[in-house]
K.L.:
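My questions will all concern the structure given below.
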Amino acid sequence: MKRALTYLAFAILGIGIGAYSALTMAGLLPGDRRTQGPIEINNWYGDFAMGSEDASPYFRARIARHGLLALANTEAVYFTRTVDDSGQPFTEDCMYQLSGGAMPARWWSVTLYNAQNFLPDNTDSALSFDASRADMQSDNGSGWSAVISPAKPADDTGWISSKASEAFDLTLRLYVPNDGVLEDPEGMIDAPSVKRLQCSGDAS
Amino acid sequence: MKRLAGPIACSIILALATHAGIVYFAPSFIMDRAYTMIGERGTPVHGFQLAPQMRPDTQSVVRPSPDLAYSGCRFDFGQAANGIRVKMAAYEGYSSLSFFDAQTNNFRTIRGNGEPQEITLTAKDAPSAKGIILIRRLAPTDADYARVIEAAQNDICEAL
């Protein structure tokens, strides 16, 4: 009887360790976030195996959880970042300036998501900034900027609302990437910067 | 210690099996839940449904783009022995027709380029019997989405 209980205890321990390690490594725990990836450009992380049969089992599971129905890289590439230029995690309590230039793709966008991988629950109708809005700021979107903040800024020609997002992240989509992007993403993509402007509680 | 060799070996084997099982089956499990969930939200098997504009109160799948309009169709070759016919109607602006298998792989994508695109898919063309077909159309504004509503009326997803 004692021997059987020993086996049972070790069996439960093994299943627990196996389950926890799998959920952790595949990004399936409730608190886990983001798609991650081996390509890093200015704090934006991506993996071109997204949506592909070439994806590792771990990455495939992570994408199923955090980016289901993502397109394969010939149609779109995705990058996610969770920190500002100073390396601090994004938070609804701060205001940021997102800025960049022309992107090597037919169309691009930057969208804000909450920790549950969904659009934040607000009614500001300012959930993203995309190439069409950049084109309105400058010819061919060659130089653009947007404010990320929980309240509408005075100049709202470029605004992404972080209201009700708490700790958020940003996803950069490049649709129909230009030739060369898949081979040399670091050389081809001038990924947007995200500068922290101020936070609630900062001395004014 | 020797008496624990058996239980420890059992524990290691179960840990490895559990770990591999979860990692391997997680994508198909999540995809199956998504397949069922979008069905409950009105997307038929072999029929396109245009989703409402992606907003906080309308999103149903993780990380939707609010700048894109999504039309979904579920396919099931168990109900379409002769295959399925899929047509994406013409749309001025970016559009694509993409196919996802039960393992979440995007196994085929066709770009619109302003023209209608049509394809016949049979069981041997797809890695799995069930999956999801998705049309994406660029529609950052309400006016764009109104154009999508017009175009989507001519999308077709049907069993042959």
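Note on naming: letters A, B, ... go to the chains in the order of the sequence lines (proteins, then strands), and numbering restarts at 1 for each one.
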K.L.:
Under 4.5 Å heavy-atom distance to chain A, tell me which part of B:Ile13 shows up: side chain, backbone, both or neither.
P.N.:
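Neither the backbone nor the side chain of B:Ile13 comes within 4.5 Å of chain A.
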
K.L.:
Against chain B, label A:Pro57 side chain, backbone, both or neither, depending on which of its atoms sit under 4.5 Å from a heavy atom there.
P.N.:
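Both backbone and side chain of A:Pro57 come within 4.5 Å of chain B.
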
K.L.:
Out of A:Thr111, A:Ile12, A:Leu8, A:Leu127, which one racks up the most heavy-atom pairs below 4.5 Å with chain B?
P.N.:
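When all of A:Thr111, A:Ile12, A:Leu8, A:Leu127 are compared, A:Leu127 has the most.
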
K.L.:
With a 4.5 angstrom heavy-atom cut-off, which part of A:Thr123 approaches chain B: side chain, backbone, both or neither?
P.N.:
neither

K.L.:
So A:Phe10 and B:Leu4, do their side chains get closer than 4.5 Å, heavy atoms only?
P.N.:
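Sidechains of A:Phe10 and B:Leu4: in contact.
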
K.L.:
Are the side chain of B:Arg3 and the backbone of A:Arg3 linked by a donor-acceptor contact shorter than 3.5 Å?
P.N.:
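Not a single qualifying donor-acceptor pair exists.
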
K.L.:
Need one label for B:Ser65: side chain, backbone, both or neither, based on atoms under 4.5 Å from any heavy atom in chain A.
P.N.:
both

K.L.:
Identify which part of B:Gln103 has an atom lying under 4.5 Å from any heavy atom of chain A, answering side chain, backbone, both or neither.
P.N.:
both

K.L.:
Would you kindly say whether B:Arg136 and A:Tyr175 are connected by a side-chain donor-acceptor distance under 3.5 Å?
P.N.:
yes

K.L.:
Give a yes or no on whether the backbone of A:Leu119 and the side-chain of B:Gln59 come within a donor-acceptor separation of less than 3.5 Å.
P.N.:
yes

K.L.:
Please tell me if the side chains of A:Glu75 and B:Ser98 come closer than 4.5 Å, counting only heavy atoms from C-beta onward.
P.N.:
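Of all side-chain heavy-atom pairs linking B:Ser98 with A:Glu75, none is under 4.5 Å.
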
K.L.:
Under a 4.5 Å heavy-atom cut-off, does chain A meet the side chain of B:Ile12, its backbone, both or neither?
P.N.:
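No part of it gets close to chain A.
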
